[in-house]
Amino acid sequence: MLIKCPKCQVTYELADDLVPQSGLKMRCNSCGEVFKAYPEDAVKEPITEQQKKQNVLKMFERFSQTTNDIFDAPSDLPQPVPTKVRIVHLTHYKNTINYILIILVVLVMLALLYLMRFDVVRYVPKAESLYQKFGIESIYNGTNLQFMNIKTAEFIDQNVSKIRITGVIDNPSSYQMKVLPVLVSIYDGNGQKLLEERTTLPQKRTFPNYKLPFELVVVNPTPLQKNIHITFAD
């Protein structure tokens with residue numbers, strides 16, 4: 001198919017399937033004219049070799065003058081949409097990793113301070129007040145304390161028969177211990193419980209490897225033979 005420029009009459013040879021019925025937008029390489037070619041615009045007479053050479057010469061002549069308008073897109077063509085590119089620096093990820101590592105280190109240190117709270121208070125007694133602010137017990141309850149050298153003596157006080165119990169509370173550990181209330185149980189010779197009394201000692205704590213003397217008095221339930229059992233109340 002031959003298509004002729006309507007301005008400068010330069011003829012172009014195109015394949016038939018390149019020109020649809022809706023038309024093909026073209027730009028003349030010779031004069032720069034923009035036009036739309038339709039199948040019915042095809043030139044009937046064949047183009048000669050001389051015309052082809054003239055077309056090529058005109059095209060190169062125009063190239064030698066200017067090339068600006070050749071590469072300019074037509075004004076009616078859709079403009080390209082700018083693409084936003086986000087540049088992420090490696091330092092951003094590095095800072096994030098540093099923050100995560102700092103948080104992990106802090107969590108590990110807090111876990112160690114909790115698990116080793118008894119040893120921390122052992123070497124730094126002032127740290128106990130800090131644990132107390134958070135409601136954390138940092139002193140062992142005296143469940144491992146032991147009673148030693150228990151002695152009993154019955155006496156009369158204001159016409160009331162009483163029993164004085166004395167002894168030593170031994171702390172064999174290397175930690176401070178809370179002194180729990182003392183539970184005194186009195187049984188008769190047949191193993192029948194006669195009295196059970198819970199007493200809080202004035203000493204609240206005992207130091208490491210320390211023997212704490214104590215004394216308490218209970219009412220004597222019977223003048224008969226009896227057995228006295230002492231333990232720590234839960």
Side-chain angles (χ1 to χ4, degrees), residues 95-234:
N95 292 336
T96 303
I97 294 174
N98 290 339
Y99 293 147
I100 294 175
L101 290 177
I102 291 173
I103 293 174
L104 290 176
V105 170
V106 172
L107 291 177
V108 171
M109 291 180 63
L110 291 176
L112 290 176
L113 287 174
Y114 176 78
L115 296 174
M116 302 179 64
R117 60 191 183 279
F118 300 108
D119 292 287
V120 172
V121 173
R122 175 186 174 188
Y123 294 105
V124 186
K126 292 183 179 180
E128 182 184 357
S129 60
L130 180 61
Y131 284 106
Q132 288 177 347
K133 290 181 179 179
F134 295 96
I136 300 175
E137 292 290 338
S138 56
I139 300 294
Y140 283 113
N141 285 329
T143 53
N144 294 329
L145 298 179
Q146 302 173 1
F147 290 101
M148 300 176 62
N149 302 327
I150 302 299
K151 296 179 181 180
T152 61
E154 299 183 17
F155 65 99
I156 303 296
D157 181 22
Q158 297 180 357
N159 297 324
V160 178
S161 179
K162 298 182 179 181
I163 302 175
R164 178 182 288 108
I165 303 173
T166 60
V168 173
I169 298 176
D170 181 30
N171 179 11
S173 72
S174 301
Y175 299 89
Q176 284 194 55
M177 293 282 183
K178 292 182 179 179
V179 178
L180 299 175
V182 177
L183 185 65
V184 179
S185 303
I186 300 178
Y187 301 86
D188 62 13
N190 297 323
Q192 186 71 27
K193 183 183 288 186
L194 302 175
L195 179 132
E196 186 175 83
E197 184 171 321
R198 186 174 184 270
T199 304
T200 301
L201 299 178
Q203 301 91 342
K204 303 301 180 183
R205 293 186 183 182
T206 177
F207 295 100
N209 301 309
Y210 183 77
K211 290 179 172 56
L212 176 67
F214 73 94
E215 178 182 323
L216 54 91
V217 177
V218 297
V219 176
N220 187 3
T222 174
L224 301 178
Q225 183 178 1
K226 62 191 72 70
N227 296 318
I228 300 176
H229 184 262
I230 301 178
T231 185
F232 289 109
D234 295 333

Can you name the side-chain contact (heavy atoms from CB on, under 4.5 Å) partners of Leu107, sequence neighbours left out?
Ile103

Considering only residues two or more places apart or on different chains, which pairs with a residue in residues 144-155 satisfy salt bridge (Lys or Arg N to Asp or Glu O under 4.0 Å)?
Glu154-Lys226

Spacing of [atom1] belonging to [X] relative to [atom2] belonging to [Y], to within rounding of 0.5 Å:
X      : Y      : atom1 : atom2 : value
Asn220 : Ile228 : CG    : CD1   : 8.0 Å
Ile139 : Arg122 : CD1   : CZ    : 11.5 Å
Ser138 : Leu113 : OG    : CG    : 11.5 Å
Leu110 : Leu115 : CG    : CG    : 11.0 Å
Ile136 : Leu130 : CD1   : CG    : 8.5 Å
Asn171 : Gln146 : CG    : CD    : 9.0 Å

Is the gap between the ring centers of Tyr140 and Tyr175 under 6.0 Å?
yes

Main-chain N/O of Gln192 paired to Asn190 side chain as donor or acceptor, under 3.5 Å:
no

May I ask you to test the Ile230-Ile165 pair for a side-chain heavy-atom distance under 4.5 Å?
yes

Give the table of side-chain donor-acceptor pairs shorter than 3.5 Å for residues 199-213, with sequence neighbours excluded, one pair per line with atom names and distance.
| unit_1 | atom_1 | unit_2 | atom_2 | d |
| --- | --- | --- | --- | --- |
| Gln203 | NE2 | Pro213 | O | 3.4 |
| Arg205 | NH1 | Glu128 | OE1 | 3.1 |
| Arg205 | NH1 | Glu128 | OE2 | 3.3 |
| Arg205 | NH2 | Glu128 | OE2 | 2.3 |

CA sep, side-chain torsions, deciding dist, call: Thr222, Leu194, side-chain contact (heavy atoms from CB on, under 4.5 Å):
CA-CA 8 Å; Thr222 174; Leu194 302 175; 3.5 Å; yes

Closest heavy-atom pair and its distance - Val219, Leu195:
O-CD1, 4.0 Å

Residues in ring-ring contact (aromatic ring centres under 6.0 Å, His included) contact with Phe214, at least two apart in sequence or another chain
Phe147

For residues 176-185, dump all side-chain donor-acceptor pairs below 3.5 Å to protein atoms at least two apart in sequence or in another chain.
| unit_1 | atom_1 | unit_2 | atom_2 | d |
| --- | --- | --- | --- | --- |
| Lys178 | NZ | Glu137 | OE1 | 2.5 |
| Ser185 | OG | Glu196 | OE2 | 3.4 |

Can you name the salt bridge (charged side-chain N to carboxylate O under 4.0 Å, His left out) partners of Asp157, sequence neighbours left out?
Lys162

